[in-house]
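Worth saying up front: this structure is predicted, and the values here are computed from it rather than measured. No hydrogens, no waters, no symmetry mates; every other heavy atom, side chains included, goes into these values. Here is how names work: the chains are called A, B, and so on, in the same order as the sequence lines, proteins then strands, and each is numbered from 1.
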There are 2 protein chains.
Amino acid sequence: MQDRKIRIHDVAALAGVSVGSVSRVLNRAANVSAEVREQVERAVAALRYQPSHAARALRSRSSKTIGCLFSDVTNPLYARAFRALEESFRADGYMLLLANGLNDLERERESLRTFALRGMDGVVCAPGNERDPELIGLIDAMSMPVVLYDREMPTARTDAVLFDHVSGVRSACTQLFALGHRRIALALWDADSRPVRRRTEGYRAAYRAAGMEPPALILRQPTATSSVFDDLLRLLNAPDPPSALIAQGTHTLVSALRALAHAGLRVPQDFSVISIGDSDFAQTHVPAISVLRTNAGHVAAQVRCMLLERLNGARAAPPRKVLMPYELEMRASCGPPAR
Amino acid sequence: MQDRKIRIHDVAALAGVSVGSVSRVLNRAANVSAEVREQVERAVAALRYQPSHAARALRSRSSKTIGCLFSDVTNPLYARAFRALEESFRADGYMLLLANGLNDLERERESLRTFALRGMDGVVCAPGNERDPELIGLIDAMSMPVVLYDREMPTARTDAVLFDHVSGVRSACTQLFALGHRRIALALWDADSRPVRRRTEGYRAAYRAAGMEPPALILRQPTATSSVFDDLLRLLNAPDPPSALIAQGTHTLVSALRALAHAGLRVPQDFSVISIGDSDFAQTHVPAISVLRTNAGHVAAQVRCMLLERLNGARAAPPRKVLMPYELEMRASCGPPAR
DNA sequence: ATGAAAGCGCTAACAG
DNA sequence: CTGTTAGCGCTTTCAT
């Protein structure tokens with residue numbers, strides 16, 4: 001059985017001090033004599049005292065909990081983000097409530113409402129839809145600080161960490177240009193989301209910066225789990241086929257590799273591949289697949305920093321948007337084009 | 001801004017009733033006249049009243065929160081489990097606090113302590129180590145109901161949902177026997193965990209039941225992400241090679257497929273493959289890989305049921321262990337052996 | 001620096 | 001069936 005009946009009062013009694021002093025020792029640790037502190041700590045240890053979280057939350061108006069609203073933890077991107085966030089908030093005594101939005105507006109609204117209701121100290125969220133007015137209104141109305149995770153919402157006056165998709169894709173293209181590639185295919189999901197829009201932007205920017213017209217080699221999948229097999233094969237059999245591919249997501253990557261094998265193309269001798277987003281698969285594939293990836297730890301540290309700053313006073317400061325860089329890790333899947 | 005100042009008192013005033021009545025309307029909804037209820041509901045709506053979760057938790061001793069301790073959400077198995085649990089508890093107003101144990105004993109202990117401290121109404125956990133005495137002690141000492149997720153802990157007197165690894169692997173073997181296979185390799189991680197032990201057991205049982213001696217075709221990887229490439233290749237080049245493989249985890253599966261391709265074996269014409277655990281990869285691979293899988297939704301429903309039953313009185317009932325069946329979904333990766 | 005006392009907002013026990 | 005009241009366990013003034 002848990003020692004569920006030991007209250008701060010008992011500790012005070014055993015230590016021979018007042019409950020106020022015990023509370024002071026437990027919390028800010030200022031204005032307490034060394035003597036009292038020691039007595040209290042001894043009593044706490046002896047009784048195995050554990051302060052009641054609920055009482056604390058009620059009185060201090062802080063639940064020491066961060067609400068996370070992601071579309072789906074089953075997506076490794078968010079699973080890693082969650083793990084990193086948990087890690088970065090752990091030392092501060094925060095725990096994370098996780099809710100899956102599943103791209104369902106009503107669900108996302110409900111989760112946000114629940115977060116408000118439960119008095120989350122902060123919220124990090126990545127809604128499926130960046131433009132729903134009700135969702136924006138809800139976020140703007142949140143009384144606790146919110147950080148948007150790679151989302152930009154029209155009028156939401158909140159902080160955001162944004163992945164630098166433009167530079168990421170641009171540098172991948174530039175890298176491939178340097179190897180001699182001129183026709184690079186880009187496979188994305190067809191969602192009208194910031195990441196997809198920005199990646200397209202980076203792709204075009206790279207071509208323009210290199211003095212070329214962006215080619216019509218962008219493949220758009222309807223969902224994250226649809227195959228690019230047929231589409232890529234068509235491109236490969238058309239005149240003037242691509243010699244390289246930048247593919248978003250493991251799923252796309254796998255089906256693309258299958259299409260390449262089917263077409264009799266070897267990686268990297270005949271065709272180069274870069275994946276957006278790292279995975280065990282990309283790492284252990286033979287040849288290992290080059291990837292464009294963000295550092296979940298860095299991103300989480302940034303989120304933590306923004307949230308804690310707001311919590312420590314800067315509630316009304318203007319919203320900040322921080323751009324997180326992509327790293328391009330070149331592995332064996334890239335080489336000069338065949339010829 | 002959130003309407004953070006509206007208290008139950010305000011609602012009572014507006015509705016012209018007492019706070020007690022408001023509370024009754026909000027909660028059990030018994031012993032309230034239709035008239036009062038309507039007044040209260042009107043007032044709640046008008047004021048957009050949201051009861052304070054902290055106050056509720058403090059007074060009613062229920063946080064409406066379930067703690068989940070999994071080794072790593074980054075593992076799709078647990079990500080899916082979490083999502084299913086969230087779904088099954090949502091309707092009851094529970095939210096889930098998720099902690100990653102990362103197979104680190106100290107971390108797991110700390111998470112469990114935090115769960116206790118924060119007054120979780122229930123806990124579902126899958127510790128990395130099933131035998132650590134301190135962890136067992138901690139779990140036994142939890143004051144709220146705990147459900148072990150595919151773990152068996154020596155003396156922990158808690159409920160558990162257990163996957164039926166024995167029957168699962170046995171049926172996979174039997175299925176392969178029926179196709180004509182006699183030499184089936186089994187690739188597992190080398191963890192001394194219940195799942196691994198049970199799978200081995202099922203494998204042996206299948207052979208014995210078929211009147212054969214279990215062959216020395218079990219491969220053990222040190223970690224979940226190590227490759228089986230070399231080991232499988234060695235087996236394939238040895239005398240009397242296997243004609244089928246049952247592989248645990250996507251990682252193992254991928255490296256195994258690579259080894260098969262390397263050895264010039266086609267799936268399923270020359271070699272059959274069954275994966276333990278489903279994945280996008282298994283589904284979209286060509287040929288699609290047969291899988292042994294559990295239904296996360298059913299499992300979650302079972303967990304919910306066990307937890308709620310305890311919460312509704314049966315606190316002291318003897319611990320129950322429920323075996324969850326594996327489903328064998330045969331896909332294109334299996335066929336009769338070559339010859 | 002410390003103690004006493006006043007709540008935080010709600011539920012539950014008890015009157016009526 | 002409804003109102004009143006006493007806390008849940010803690011933090012935080014306010015005196016001292």
**Report entry** Per-nucleotide protein contact string for nucleotides 11-16 of chain C (B base, S sugar-phosphate only, - none; heavy atom under 4.0 Å)
**Finding:** BBB---
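- Arg113(A) meets the salt bridge (Lys or Arg N to Asp or Glu O under 4.0 Å) test with Glu106(A), Glu134(A); sequence neighbours excluded.
- Proximity of Ser21(A) to the phosphate of dG3(C): a side-chain N or O atom is located under 4.0 Å from OP1 or OP2.
- In this structure, Tyr49(A) has no ring-ring contact (aromatic ring centres under 6.0 Å, His included) partners at least two apart in sequence or on a different chain.
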Please table the atom pairs, donor to acceptor, closer than 3.5 Å between any side-chain atom in residues 36-47 of chain A and protein atoms at least two apart or in another chain.
| unit_1 | atom_1 | unit_2 | atom_2 | d |
| --- | --- | --- | --- | --- |
| Arg37(A) | NH2 | Ala29(A) | O | 3.1 |
| Glu38(A) | OE2 | Arg42(A) | NH2 | 2.9 |

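- Residues meeting the salt bridge (Lys or Arg N to Asp or Glu O under 4.0 Å) test with Arg304(B), sequence neighbours left out: Asp92(B).
- In the set dG3(C), dG3(D), dG9(D), dG9(D) carries the atom at the smallest distance from any side-chain atom of Leu58(A).
- In the set dA4(C), dC10(C), dT2(D), the nucleotide with an atom closest to the side chain of Val32(B) is dT2(D).
- Qualifying salt bridge (Lys or Arg N to Asp or Glu O under 4.0 Å) partners for Arg310(A), counting only residues two or more places apart in sequence or in other chains: Asp159(A).
- Inspection of the Arg118(B) and Thr65(A) side chains reveals an N or O donor paired with an N or O acceptor under 3.5 Å.
- Residue pairs that meet the side chain to side chain donor-acceptor pair (under 3.5 Å) test with at least one member in residues 96-105 of chain B, sequence neighbours left out, do not exist here.
- Over its length, the helix from dA1(C)-dT16(D) to dG16(C)-dC1(D) turns its helix axis by 40°, as judged from the five terminal pairs at each end, rounded to 10°.
- A search for side-chain hydrogen bond (donor to acceptor under 3.5 Å, both in side chains) contacts involving Ser60(A) returns nothing, not counting sequence neighbours.
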